[in-house]
Amino acid sequence: MSVTTTDYDVKDIGLAERGLLKIEWAGAEMPVLELIRQRFRKERPLEGMRLSACLHVTSETANLAITLRDGGAQIILCASNPLSTQDDVAAALAGEHGIATYAIKGEDDATYYQHIDAALAQGPNLTMDDGADLLTVLHTQKANLLPDVVGGTEETTTGVVRLKSMAKDGALKYPVIAVNEAMTKHFFDNRYGTGQSTIDGVIRATNILLAGKTFVVVGYGWCGRGVASRARGLGSHVVVTEIDPVRALEALMDGYQVMPIAEAVARADIIVTVTGNLNVLDRQHVERMKDGAILANSGHFNDEINIPAIEEQARSKRRVRDFVDEYRLPDGRRIYLLAEGRLVNLSAAEGHPAAVMDMSFANQALSAEYVVRNAKQLKNEVYVVPEEIDREIARLKLHSMGVQIDTLTSEQEKYLASWEQGT
Ligand code: ADE
């Protein structure tokens, strides 16, 4: 049975049927979220909560939105990136599942923010972000709505960094659970999800062979580790650049070449930024790049590559394929920018595979429930996901994969709790 809503702004509601199939396909790889959904249907832990969510509108997010709705939330969803929306999924959410959805792939910045306003129009009790844009608009432009908000959740590293700065300045006005900090989130989503989907985005956009190419990964956090390992798996010579000595050492001992970015860019066939920081590929780097170098970003915001500087330096620009812009420099060299410097994995491909989003979104759903249950005790701070939730998700995921593990014997438990025994 389909339930439609009149509250939506999607590209074409006629795409709903295809979107439904995609949501079902992703759902089959999300068994942990499905278990939570079955319990939510019975227990309705989010009953009556007005939930405004700003997430990448993908088939995996659709499964989360349906779970939250089945848990009793009145959810309005908008996009957390102008290029990451899957238009057929957005249509299915609005047209078949009755979930108010505001998201169009390729929307301009003004529409992006209008969609955030539409999500906030209900006056939320709960917020869910991927990058903290909705929470920021709420705090800066709609502070009158803050008293009704009991809490929120945040999906990504960049969002958590923003929220921690707000909390430090005393600017955060409700508690937020940093879903990204869960082990069952960043060990898997950031590493294996970003690793695979970034390579997928680069390949779908360009169809280049990675074997034998020099592939530079800028930043060796969880995402960088994943991208580097997958690029190596396809036969690239991987070079890592870092500013953190411990991470640089780790990259070196993981078997990658490590060098300053100024040196790395001169050798690169492909450069992917995954730092969460500003202008890590800047004007002076462009000057050293080889003819034909391909640049992509898989960090949250489109500010890791200094695109205005490239636009200024270039003599001409043309779109040579979907998601590929060619910039010709005054000396004749060409450089190729993928997906306008936005998240290449979500813009040119479909984002992380459902099997990892299963754990990330299990954390989201259980964190939303946790915030609602514990709202009175929580302060206006950034909280980690409780360890019981994290471990339970890992247990359920293993179980769904048919994998069993061991438990400590009582002798071993006693040994670990004691300090007297030595050699
Ligand atoms: N972030 C990265 N991949 C994603 C996906 N497939 N769905 C939602 N958010 C994501």
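No experiment lies behind these values; they were computed from the predicted model shown. Atoms within each ligand, like the ligands themselves, are counted from 1 in listed order.
For the residue pair T214/H237, the side-chain donor-acceptor check at 3.5 Å is not satisfied. Under the 3.5 Å distance criterion, with hydrogens and angles disregarded, a donor-acceptor pair is assigned to the side chains of H56 and S84.
Note that R334 lies outside the cation-pi zone of Y327, set by a 6.0 Å cut-off to the ring centre and a 45° limit from the axis.
Partner of R50 under the side chain to side chain contact (heavy atoms under 4.5 Å, CB included) criterion, out of V149, L126, D148: D148 alone.
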Distances under 3.5 Å, N/O of ligand 1 against N/O of the protein: list each pair and its distance.
from	atom 1	to	atom 2	distance (Å)
ligand 1	3 (N)	H352	N	2.8
ligand 1	3 (N)	H352	ND1	3.4
ligand 1	6 (N)	E60	OE1	2.9
ligand 1	6 (N)	H352	N	3.4
ligand 1	6 (N)	H352	O	3.0
ligand 1	7 (N)	T58	OG1	2.7

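The distance from the CE atom of M49 to the CG atom of N125 is 5.0 Å, given to the nearest 0.5 Å.
Here D70 pairs with R37 in a salt bridge; the nearest charged N to carboxylate O distance falls below 4.0 Å.
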